[in-house]
Amino acid sequence: MALQTAAYLSGKIDNVVFYKRAGTYIARSVPLEIRQTAATKIRSRNFGTVASIGIILRSLLIPSLPFPKDKRMQSKFSGAFAQWFKLSDLQSLQP
């Protein structure tokens, strides 16, 4: 990881990503190509589904949640759905 000192960029140029983290501008390289296994693709799709469900349910439960913007709670909420999805086949779940 490199620190940016003169010019402050944000974004991606080829395989170098420039961003700001904790008030410091940083540059790092990323692989040109990312290979995903079939299991990784399935997990990625499931994560997107879980995240969407979590957002919808949290928005419906806002009146009942004491701290709706709490990131830790949001992660645990989505994590509970992820655990449930591990035990169930997504195609067999009712809408």
Under the side-chain contact (heavy atoms from CB on, under 4.5 Å) test, which residues partner V30, sequence neighbours left out?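 V30: side-chain contact (heavy atoms from CB on, under 4.5 Å) contacts with K12, N15, V17, R28.
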side-chain contact (heavy atoms from CB on, under 4.5 Å) with T40: which residues, sequence neighbours excluded?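 T40: side-chain contact (heavy atoms from CB on, under 4.5 Å) contacts with Q36, T37.
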Which residues pass the salt bridge (Lys or Arg N to Asp or Glu O under 4.0 Å) test with R72, sequence neighbours left out?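 R72 satisfies salt bridge (Lys or Arg N to Asp or Glu O under 4.0 Å) with no other residue.
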Contact between F18 and I26 at the side-chain level, heavy atoms closer than 4.5 Å - yes or no?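 With C-beta onward as the side chain, the pair stays apart.
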T24 side chain vs K20 backbone, donor-acceptor pair below 3.5 Å: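 No; zero donor-acceptor contacts below 3.5 Å.
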Atom pairs and distances, side-chain donor-acceptor, residues 50-68, under 3.5 Å, sequence neighbours left out:
from : atom 1 : to  : atom 2 : distance (Å)
S52  : OG     : G48 : O      : 3.0
R58  : NH1    : G54 : O      : 3.4
S59  : OG     : I55 : O      : 3.4
S59  : OG     : I56 : O      : 2.7

